[in-house]
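What follows is a set of notes on a single structure, which appears directly below.
Any value given below was found using the heavy atoms of this structure, including those in side chains, with hydrogens, waters and symmetry copies removed. Chain identifiers are assigned alphabetically (A, B, ...) following the order of the sequence lines, protein sequences preceding nucleic acid strands; residue numbering begins at 1 within each chain.
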There are 2 protein chains.
Amino acid sequence: MVIQTDTYQRIVDSAKDLMYARSYADVGVAAICDHARVKKGSFYHFFTSKQELTLAVLDTYYADYKNNIINIAFSSTLKPMERLATFNKLVIEFQQDIYSQTGHIYGCPFGNLATEMATQDEAIRQKIGHLFTKLQQLLHNTLQEAMDNGDIEPIDPDATARALLAYIEGTMMLAKTHNDPTVLQQLLPAGLQIRIPTTN
Amino acid sequence: MVIQTDTYQRIVDSAKDLMYARSYADVGVAAICDHARVKKGSFYHFFTSKQELTLAVLDTYYADYKNNIINIAFSSTLKPMERLATFNKLVIEFQQDIYSQTGHIYGCPFGNLATEMATQDEAIRQKIGHLFTKLQQLLHNTLQEAMDNGDIEPIDPDATARALLAYIEGTMMLAKTHNDPTVLQQLLPAGLQIRIPTTN
DNA sequence: GCTTGACTTGACCGAACGGTCAACTATAAT
DNA sequence: ATTATAGTTGACCGTTCGGTCAAGTCAAGC
């Protein structure tokens with residue numbers, strides 16, 4: 001027999017929205033079930049635990065992120081450094097939209113969950129670690145291409161990619177803390193200037 | 001009558017340690033009371049709510065931070081950019097110590113709490129926002145002094161200070177997510193190269 | 001020595017937590 | 001038409017949550 005209902009996805013989608021708006025701990029299984037119009041017993045037919053759901057939520061976060069931001073910004077029709085600028089633009093627009101609708105800056109869904117759960121749940125921490133590594137590789141490849149094209153001076157592309165990721169995440173966190181989208185507008189574009197030179 | 005016991009401080013200290021190691025939501029009032037060897041009724045003699053305690057905890061976080069890191073690194077006996085390098089060194093040592101003792105990178109106590117609570121609790125969000133602003137001003141003054149001394153080229157000291165703070169916080173978050181102190185060693189020193197030029 | 005008020009104690013509250021389960025319905029495959 | 005199983009339902013579990021409260025202890029101030 002094949003899957004025949006959309007219950008699984010409704011649960012994941014509800015959890016994704018609720019946990020992003022609030023936090024892992026603040027969103028209970030009951031609240032997720034209510035939002036998804038699903039009974040708790042049905043929830044535990046699809047998931048063995050809240051943790052397992054959260055791992056599935058992370059996949060959906062990433063799929064959304066890839067469809068709505070990565071695939072557009074990191075298009076091969078753009079020059080490498082233009083991709084990074086487009087990425088910044090899309091991130092700012094996304095956060096600005098949420099801010100207009102909710103009055104709150106939500107920040108990065110991966111960063112939020114990692115910060116809350118890293119010392120508590122090893123599986124969740126590792127999963128987010130892998131996702132960050134994938135983002136880092138994307139930035140690395142882009143910087144490498146910019147170097148190869150002579151668009152930027154020679155740098156350490158790996159260290160610079162990690163630094164850029166750290167800068168993006170830190171900017172998101174500051175914007176969330178100040179609940180102010182202009183923080184993103186003022187800081188994110190400057191990230192393109194970050195360079196870590198090769199150490200010889 | 002004057003305060004005659006150390007109960008208040010035992011509660012704050014316990015909450016500080018537990019919340020830093022775990023999270024706001026994962027540390028209940030009962031756990032804090034157990035750790036502080038205090039009964040719950042006594043807790044509510046000193047605090048009207050868990051939120052009020054958390055605001056007090058933030059003050060203690062900051063006092064510790066100032067005593068152990070800021071006052072040492074930002075000593076006027078050091079040249080401006082040396083202060084930032086010393087700050088990096090002390091932060092790395094602090095996180096490395098915790099990692100050696102617990103096997104976990106805890107990250108920044110302010111960033112952790114802000115990320116978890118910013119959309120949930122306005123008072124906590126604002127308090128951390130103010131603390132970040134204070135740190136930003138410290139960085140600003142240091143960069144300004146470096147500029148005035150001619151140690152660095154002219155930049156936008158305010159934007160650069162905010163960018164540096166974002167970079168530090170993002171680095172802490174990545175190190176926590178990868179649970180790896182070497183992330184700090186590799187990334188933090190490069191933060192001193194961050195420059196945001198003045199926009200004319 | 002008595003009063004005052006800071007502090008402590010332990011029992012208690014309703015609500016919410018994550019999770020379980022037996023019974024039931026509906027549907028796909030034979 | 002029957003069977004097997006995917007999916008649903010609602011009641012229920014023990015535990016913990018943040019918070020309350022009446023009663024009691026204890027020491028400082030008069």
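- Rounded to an integer number of Å, the gap from CD1 of A:I11 to P of C:dG19 is 13 Å.
- Remark: B:T7 is in phosphate contact with C:dT8, judged by side-chain N or O atoms under 4.0 Å from OP1 or OP2.
- Geometrically, A:K89 does not engage A:F94 in a cation-pi contact defined by less than 6.0 Å to the ring centre and at most 45° from the axis.
- Remark: C1' of D:dT8 and OH of A:Y8 are 18 Å apart, rounded to the nearest angstrom.
- Note on B:R195 versus B:D156: no salt bridge recorded, every NZ/NE/NH1/NH2 to OD/OE distance being 4.0 Å or above.
- Interface residues of residues 35-42 of chain B facing DNA chain D, ordered by number: B:K40, B:G41; criterion, heavy-atom separation under 4.0 Å.
- A:I32 places its CD1 atom 14 Å from the C1' atom of C:dA16, with the value rounded to the nearest Å.
- Between A:H45 and the phosphate of D:dT8, there is no side-chain N or O to OP1/OP2 separation shorter than 4.0 Å.
- By the 6.0 Å and 45° rule, B:K39 does not stack over the aromatic ring of B:Y44.
- Distance from the side chain of B:A30 is smallest for D:dC17 among the nucleotides D:dC17, D:dT8, D:dG19.
- The nearest whole Å value for the distance from the CG atom in A:D34 to the P atom in D:dT9 is 13 Å.
- Taking 4.0 Å as the cut-off between side-chain N and carboxylate O, B:R83 and B:E145 count as a salt-bridged pair.
- Here A:R162 pairs with A:D158 in a salt bridge; the nearest charged N to carboxylate O distance falls below 4.0 Å.
- For the pair B:D6 CG and C:dC7 C1', the interatomic distance rounds to 12 Å; values are reported in whole Å.
- For B:Y44 and C:dT8, the OH to P distance is 16 Å, given to the nearest whole Å.
- Taking the side chain as every heavy atom from C-beta outward, B:I168 and B:F87 approach each other to under 4.5 Å.
- In this model, a donor atom of one side chain and an acceptor atom of the other lie less than 3.5 Å apart for B:Q144 and B:D148.
- Between the P atom of D:dA11 and the CZ atom of A:F43 lies a distance of 20 Å, rounded to the nearest Å.
- Taking the six-membered ring where tryptophan is involved, the planes of B:F47 and B:F43 are tilted, since the angle between them lies from 30° to 60°.
- Atom CE in B:M19 sits about 13 Å away from atom C1' in D:dC17, given to the nearest Å.
- Checked against B:D121 for a side-chain hydrogen bond (donor to acceptor under 3.5 Å, both in side chains), the options B:Q51, B:Q126, B:K127 give a single hit: B:Q51.
- Across the helix from C:dG1-D:dC30 to C:dT30-D:dA1, the helix axis at one end is tilted relative to the axis at the other end by 10° (nearest 10 degrees, each axis from five pairs).
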